[in-house]
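Taking it in order: structure first as structure tokens, then the write-up.
Side-chain atoms are counted along with the backbone in the values below, which use heavy atoms only and exclude waters and symmetry mates.
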Amino acid sequence: MEKPIAAIELSSKKLKLVVGYEIDGKVYVLYTLIKPYGHAIEAGQFVDPNRVSQTISSVREFTDPAAKLKLNISDVLLCVPPYGLGVYQTRQVTTVVTEDSKISNLDIKNIYALIRNSAYPLNDKALVDVIPESFTLDQGRIFARPPLGESSNTLTVSAKVQTLPASLVESYQNVLLNGGMVSRRNVVSSLAATELVCSFEDMPKSFILVDIGSNVTTVSFVGNKALYGSTFFNWGGDNITEKIIESFNINEADAEKYKIMYGIDNREMNFKAPICTTDDGNGQEVHHFNSELNEIIKGELDVFVNYLNDAVTNVVSQHDKSYRSFPMILIGGGSQLNGLVPYITPKVMSETVTVVAPKTLGARNPTFFNCLGMILTHSKYLNLNDESHPKVGQVTRNQVK
């Protein structure tokens with residue numbers, strides 16, 4: 001069995017952990033965990049870094065009696081948000097150094113070093129990842145993966161270089177470090193999601209990827225299975241929850257429950273039963289019905305669609321305008337809202353809108369999408385800074401008595 005890899009995503013309000021491995025382009029999961037820490041991150045800015053670090057520390061070593069599993073996690077794949085993402089095209093050539101002119105790991109390392117030290121002025125940016133698109137050898141032979149063992153005098157690599165603001169990357173790494181873990185590799189969330197979507201059958205090669213979180217929505221442009229750019233806006237599923245709280249005068253837990261239970265429900269009933277009943281403060285009961293909930297959700301979705309269309313225009317601004325009509329794929333917890341697709345489809349520029357969820361056994365919750373994608377991405381592309389794969393220090397199963 002492959003060595004298990006730990007992947008962590010720090011979202012606005014909770015930590016997500018997936019421990020698993022990749023075989024033949026598929027992710028297999030050993031363990032998943034969601035641990036809330038409250039609203040501690042706003043659009044990539046840590047509001048309460050200590051609370052996040054404490055949560056990380058709490059999952060570094062633990063035992064799950066139900067799963068008969070012990071985990072000792074030292075280094076991980078760390079998901080970083082694409083806020084301020086830069087994607088640049090590069091092409092580098094190196095001479096093959098072995099005496100028999102066969103491509104070796106040393107040649108691959110050399111070409112990556114050239115890319116890492118290429119002439120892009122990073123300034124306040126950090127080089128996050130290099131995604132090779134093709135490896136070209138003598139006689140124009142082209143390979144999608146490193147052509148180890150092939151004979152050639154030169155090796156040429158075309159690749160996309162991904163950068164992020166250095167301060168953002170450092171803040172995520174520091175929070176992780178303060179929690180007792182090390183980031184062996186940083187993976188941009190949009191790249192991770194793109195790789196997982198493209199691993200599924202019957203997916204389009206080019207599409208608009210929309211990740212709807214609790215507080216932030218990320219919009220990415222994917223062309224021929226390659227990530228070209230991402231943008232984001234401050235709107236998420238919690239915006240709907242907050243409107244329900246305000247309109248119905250109920251607590252957050254109940255508002256979230258009704259949102260998940262009903263969503264946009266256009267069913268015609270023979271009877272009119274209230275969703276919930278509250279007190280107006282003067283001892284009078286107030287009944288709230290399905291039609292009222294529908295209007296609240298539709299009102300917030302109209303706000304969402306306005307932001308979304310602007311984001312799509314922005315993310316494809318350097319490409320042909322026709323790209324705005326590419327198929328739209330929705331992921332993330334917010335994409336599971338009942339009635340979302342039929343409501344927004346006529347209002348967006350894409351011809352089709354589809355919700356995609358993980359298919360991995362043991363991690364089908366949409367919240368694990370990026371963690372699963374990180375494991376897949378790491379297995380597919382060489383780590384820019386370290387060839388060794390991150391690992392879980394020790395994974396053991398308690399014997400069943």
Side-chain angles (χ1 to χ4, degrees), residues 6-19 29 31-60 73 76-85 128 164-165 168-169 171-176 178-179 181 183 185-194 196-197 209-220 230-242 252 256 259-260 304 330-337 355-358 360 363-375 377:
I8 280 183
E9 181 179 13
L10 306 173
S11 64
S12 299
K13 300 193 297 184
K14 57 191 176 186
L15 176 151
K16 309 165 190 179
L17 168 70
V18 172
V19 178
V29 169
Y31 193 72
T32 62
L33 177 69
I34 299 173
K35 193 145 190 180
Y37 40 66
H39 194 95
I41 306 175
E42 290 184 0
Q45 301 292 322
F46 287 89
V47 178
D48 193 341
N50 291 332
R51 197 190 325 163
V52 179
S53 292
Q54 289 169 4
T55 305
I56 293 169
S57 180
S58 70
V59 303
R60 186 173 178 272
I73 304 171
V76 299
L77 301 176
L78 176 63
C79 189
V80 287
Y83 309 151
L85 176 67
V128 179
L164 283 173
L168 183 146
V169 176
S171 66
Y172 273 78
Q173 290 184 154
N174 289 338
V175 165
L176 186 69
N178 291 335
M181 295 185 193
S183 171
R185 180 174 190 164
N186 301 323
V187 182
V188 177
S189 62
S190 299
L191 173 65
T194 296
L196 189 60
V197 168
L209 181 65
V210 181
D211 185 351
I212 308 174
S214 58
N215 298 95
V216 176
T217 294
T218 302
V219 180
S220 305
S230 292
T231 187
F232 74 99
F233 54 89
N234 291 312
W235 190 98
D238 283 359
N239 288 68
I240 295 176
T241 304
E242 289 165 6
E252 182 179 359
E256 188 72 13
K259 180 185 74 174
I260 294 172
F304 167 68
L330 308 181
I331 62 172
S335 68
Q336 301 298 303
L337 180 72
V355 175
V356 175
T360 305
R364 291 179 176 168
N365 187 330
T367 199
F368 294 124
F369 210 101
N370 292 334
C371 287
L372 294 168
M374 281 194 286
I375 295 174
T377 300

#### Entry: For T218 against S230, the heavy-atom pair lying closest together
CG2-CB, 4.4 Å
### Task
Please assess N215 against E42 for the test side-chain hydrogen bond (donor to acceptor under 3.5 Å, both in side chains), listing each intermediate value before the final yes or no.
CA-CA 8 Å; N215 298 95; E42 290 184 0; over 6 Å; no
## Note on the structure
One should read off an interatomic distance between L209 CG and I331 CD1, to the nearest 0.5 angstrom, of 4.5 Å
### Minimal non-hydrogen separation, P81 against S189, with atom names
CA-OG, 3.9 Å
### Task
Working to the nearest 0.5 Å, report the span between OG1 of T194 and CG of N370.
9.5 Å
### Task
Could you tell me whether the side chain of N239 and the main chain of G236 form a donor-acceptor pair under 3.5 Å?
yes
#### Entry: Worked check of side-chain contact (heavy atoms from CB on, under 4.5 Å) between V216 and W235
CA-CA 5 Å; V216 176; W235 190 98; over 6 Å; no
### Query
If you look at every heavy atom in P165 and G84, which pair is closest and at what distance?
CD-O, 3.7 Å
### Audit row: L85, V188, side-chain contact (heavy atoms from CB on, under 4.5 Å) steps and yes/no
CA-CA 9 Å; L85 176 67; V188 177; 4.2 Å; yes
### Message
Is there a side-chain contact between Y37 and I56 in this structure, where contact means two heavy atoms from C-beta onward sitting under 4.5 Å apart?
### Response
no
### Pairwise side-chain contact, S214 with S11, heavy-atom cut-off 4.5 Å (strictly under)
no
### Query
Within a strict 4.5 Å, meaning less than it, do heavy atoms of the V356 and F369 side chains meet?
yes
### Query
Tell me, do I375 and L77 make a side-chain contact under 4.5 Å, heavy atoms counted?
yes
### Within-4.5 Å side-chain heavy-atom neighbours: I212 and V210
yes
### Task
Side-chain contact test, heavy atoms from C-beta onward, threshold under 4.5 Å: evaluate it for L15 versus E9 and give yes or no.
no
### Query
To the nearest 0.5 Å, how far apart are OG in S183 and CD1 in I8?
9.5 Å
### Check: V128 and V169 side chains under 4.5 Å, non-hydrogen atoms
yes
#### Entry: Atom of I34, atom of T367 and distance for their closest heavy-atom approach
CD1-CG2, 3.5 Å
### Query
Could you state the interatomic distance from CZ (R185) to CE (M374), rounded to the nearest 0.5 Å?
11.0 Å
### Query
Where the side chain of N365 meets the backbone of F368, is there a donor-acceptor pair that is under 3.5 Å apart?
no
### Message
Would the distance check show the side chain of S53 and the main-chain N or O of V175 forming a donor-acceptor pair, the cut-off being under 3.5 Å?
### Response
yes
### Task
Show your working on side-chain contact (heavy atoms from CB on, under 4.5 Å) between L10 and V52 and close with a plain yes or no.
CA-CA 8 Å; L10 306 173; V52 179; 4.1 Å; yes
#### Entry: Gap between atom OG of S171 and atom CD of Q45 - 0.5 Å precision
6.5 Å
### Query
Shortest non-hydrogen contact from K259 to D238?
NZ-N, 4.4 Å
#### Entry: Test side-chain contact (heavy atoms from CB on, under 4.5 Å) applied to L17 and I73, step by step
CA-CA 11 Å; L17 168 70; I73 304 171; 3.9 Å; yes
#### Entry: Side-chain heavy atoms of L78 within contact of Y172, under 4.5 Å
yes
### Query
CD/Q54 to NZ/K35 distance, rounded to the nearest 0.5 angstrom?
11.0 Å
### Non-hydrogen atoms of F232 and N234 that approach each other most closely
CE1-OD1, 4.3 Å
